[in-house]
Amino acid sequence: MNIVLVGLSHRTAPVEIRERFSFPVEKMGDALYRLKSNPLIEEGIILSTCNRVEVCAVVKDTRAGLEAVKDFLIQSYSGVSRESLEPCFYMHTASNCLRHLFRVASSLDSMILGEPQILGQIKDAFDQGILHKTTGVILNKVFKKAISVAKRVRTETRIAESAVSVSYAAVELAKKIFGKLTEKSVLLIGAGEMAELAARHFKSSGVLSISFANRSYDRALELSKDLGGIPVKFEDFHVEMASSDIVLCSTGAPDYVIKSEEVSKVIGIRQNRPIFFIDISVPRNIDPKINDLDNVFLYDIDDLQISVETNIKLREKEALKAEGIITEEIERFARWFKSLDAVPMIVALKDRAEEIRIAELEKLSGRLGSLTKAQREALDGLTSAIVNKLLHSPLTVLKQEVHSTNGNMMLEATRRLFDLEEILARPEKEKKQDPEGPLT
Amino acid sequence: MLNVFFFKATLACYFLGTAFFLFNLWDRKGERDSQGLSSWSQRLAIFVTGTGFISHTIALVLQLRVSGFVPLTNLHEAISFFSWAIVLAFFWVEIKYRISILGSFILPLAFLFLMSATALPNEIPSLDPTLGNIWLGIHTTLSVLGIVAFAIAFIAGIMYLLQERFLKSKQFSALYYKLPPLDLLDQWNKKSILLGFPLLTLGIISGAFRAQYSLGSFWAADNAKQVLTLGTWFFYLVVLHGRITIGWRAKKAANLAIIGFVAVLFIFVTLA
């Protein structure tokens, strides 16, 4: 029994291949059913996002299982020869598989390091597995763990911190100038896609108002309806500037729309209240000289890009910390995974029973007074007999069933019914040797 | 003397606080205050500063008991009181805004002042509780509190200029992430001067009463200290007026707060 993972991602496969592999939600049930119908596969979950398609499965035999999962993926997509697909796949088993899964969940393997969506996608994939009953004891535990590891990474490192997109970097800078944005007004001149996105970010940061100026007044009307703002005639935007704290400019104009003299006038009207200009247009629409004026801050697309790159470097540094957390979690998880093996479970169960027997005998010895050697041996024999008789049936069943389809469930049940967690976690030396020797 | 022991302990604590706070300026950890992350250097700095502040309070109370009725009788005490009050201001900001970076600016100031106080004689004159001496105590206390407010405006001004430089030059060092937003710094500047100005006004009035009782006249045009103090008072009056009517805020206000405090400091230290 082993846990395996086969998949392809933006690191190994071009988008033309990735897009054809994706499993839409409505077809997920069928796909999962088809995966599980292979007798080699005990449990399975399919993760399908625009950047990756991965199948995580619990299989009876590692090598055959890997091939089975790979075949499943190749059959899901007919159109390209097996030979050309093979190099796109990566395959992981056992602890490497866990590491991969934990890294994906923690967004260490994402195209944008630290992006938050992937965790939701993992949760969705897990829910689909539960819904279609293709998960079991192992994958349930693995995916729950992956989700909790991702949350730990998020809270203990700064991997998801600070803007890594140009439009969000603009919002962060505005916050460094103005603090809270709730009292501030935004003016959007033009309507580039990125400027619109930035306007949305400002909106969700709770700005007081957003005005839209556009050469086409209809477009301004449309945008203000769409985003909840005030349309402004393009000729009037200079007037509007005096009452705006943040000016986003993104027009297709070939030269400067906002000139230095105008801005110095505006600053006079504003009585030195700072004003933040963001020029996302190429070629630039705002005279770069205005950055030399007091209380005027101008950032163009390159400046924002640089700040984004700095933040990406910070995330990369934090990713190293995250890898440490993952290694730690894998070690912990491996201990549990090992316990699903029958031998340590049987040893632990016997140890537990023996411990209880000896402890109870010791408790009693005070009350029994002095016993003869024969009496003591008889008492010992009696208690041992009770324990052995009681354990006989569970041990036999465990030995028999461990390799059946219910094996993992049986082991997990034993672990929980007899509360063996603590004994299994003990270092190897402390455990008593199994008198019968290894079972397998 | 017990108060000397506590005074020295305070000095040691403020020295360590200064060292940790300055280290914190360059420490890349805990640079996002909003996330509630604080590095060990920050926590340690706050801890030793807090210890120093308690010890300082004890020293001042003991001193008060020795001198009797007037809390501040000489320059040594006035400077020591100044550094106590400015550390108190730091803790107030720390609790209200959680912006520990302020400590990196306040603690060096508090330490340097307390250091300079050790160089001054601390002979407590046996003053009679005459009216003139009571006015002296009130005058000194109010003036020192006013100077503390101007010191905060000064520090906010320095932080403003630093942060403005980072934003203009688009060079983001570790300090950029730790400094609060420009708008908040400008607010601190405004509030501090709004608080400091009435304190200075009352300090001057009580000083005039003191002069009346001790020297025989409210005002002496040939007294350099009185003339310069009045000049500073006018300066801050103009600064406040300019802010309210013609928008002397942001960078200009930061510069003015720095100039004003340097003048105040000069009068405080050389002519008190």
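Residue numbers begin at 1 in each chain, while the letters A, B, ... track the order of the sequences. The figures here come from the full heavy-atom set of this structure, side chains too, leaving out hydrogens, waters and symmetry mates.
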**Q** Report, as yes or no, whether the 6.0 Å neighbourhood of atom CZ on B:Phe15 holds more than 12 heavy atoms from other residues, nucleotides or ligands.
**A** no

**Q** Begin with the C-alpha distance, continue with both residues' side-chain angles, and end with the deciding distance and a verdict on side chain to side chain contact (heavy atoms under 4.5 Å, CB included) for A:Leu173 and B:Phe172.
**A** CA-CA 11 Å; A:Leu173 280 164; B:Phe172 305 129; 3.8 Å; yes

**Q** At a heavy-atom separation under 4.5 Å, does A:Arg270 approach chain B through its side chain, its backbone, both, or neither?
**A**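 Only the backbone of A:Arg270 comes within 4.5 Å of chain B.
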
**Q** Verify the neighbour count for atom NZ of A:Lys289: are there more than 12 heavy atoms of other residues, nucleotides or ligands below 6.0 Å?
**A** no

**Q** Select one option (side chain, backbone, both, neither) describing which atoms of B:Leu167 are under 4.5 Å from chain A's heavy atoms.
**A** both

**Q** Between B:Thr245 and chain A, which part of the residue has a heavy atom less than 4.5 Å away: side chain, backbone, both or neither?
**A** backbone

**Q** In terms of heavy-atom proximity below 4.5 Å to chain B, should A:Ile267 be classed as side chain, backbone, both, or neither?
**A**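 Neither part.
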
**Q** Does NZ belonging to B:Lys190 count more than 12 external heavy atoms closer than 6.0 Å?
**A**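 Not buried by this count: 12 neighbours or fewer within 6.0 Å.
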
**Q** Check B:Pro181 against A:Phe178 and note the closest heavy-atom contact, atom names and distance.
**A** CB-C, 4.2 Å

**Q** Would you mind telling me which of A:Glu183, A:Lys180, A:Lys184, A:Lys175 makes a side chain to side chain contact (heavy atoms under 4.5 Å, CB included) with B:Asp183?
**A** A:Lys184

**Q** Give a yes or no on whether B:Phe47 atom CZ has more than 12 heavy-atom contacts from other residues, nucleotides or ligands under 6.0 Å away.
**A** no

**Q** With a strict 4.5 Å heavy-atom criterion, list every residue of residues 296-304 of chain A that contacts chain B, or say none.
**A**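 Residues in range: A:Val296, A:Phe297, A:Leu298, A:Tyr299, A:Asp303.
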
**Q** Nearest 0.5 Å please: distance from the CD atom of A:Gln271 over to the CZ atom of B:Arg249.
**A**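 Spacing of CD (A:Gln271) from CZ (B:Arg249) equals 5.5 Å.
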
**Q** Within a radius of less than 6.0 Å around CZ of B:Phe197, do more than 12 heavy atoms belonging to other residues, nucleotides or ligands occur?
**A**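 Yes, CZ of B:Phe197 has more than 12 neighbouring heavy atoms, counting only those of other groups under 6.0 Å.
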
**Q** A:Lys176 side chain to B:Leu179 main-chain N or O, any donor-acceptor pair under 3.5 Å?
**A**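 Side chain of A:Lys176 to backbone of B:Leu179: a pair is present.
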
**Q** First locate atom CG of A:Asp294, then atom NZ of B:Lys168, and finally report the distance between them rounded to the nearest 0.5 Å.
**A** 6.0 Å

**Q** Please determine whether the number of non-hydrogen atoms from other residues, nucleotides or ligands lying under 6.0 Å from atom CE of A:Met111 exceeds 12.
**A**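 For A:Met111, atom CE is crowded (more than 12 foreign heavy atoms under 6.0 Å).
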
**Q** Between CD1 of A:Ile177 and CG of B:Leu185, what distance do you get to the nearest 0.5 Å?
**A**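 Those atoms lie 12.5 Å apart.
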
**Q** Could you state the interatomic distance from NZ (B:Lys252) to CG (A:Asn272), rounded to the nearest 0.5 Å?
**A** 6.5 Å

**Q** Using non-hydrogen atoms and a 4.5 Å limit, figure out which bit of B:Glu164 sits close to chain A: side chain, backbone, both or neither.
**A**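 Backbone plus side chain of B:Glu164, per the 4.5 Å heavy-atom cut-off to chain A.
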
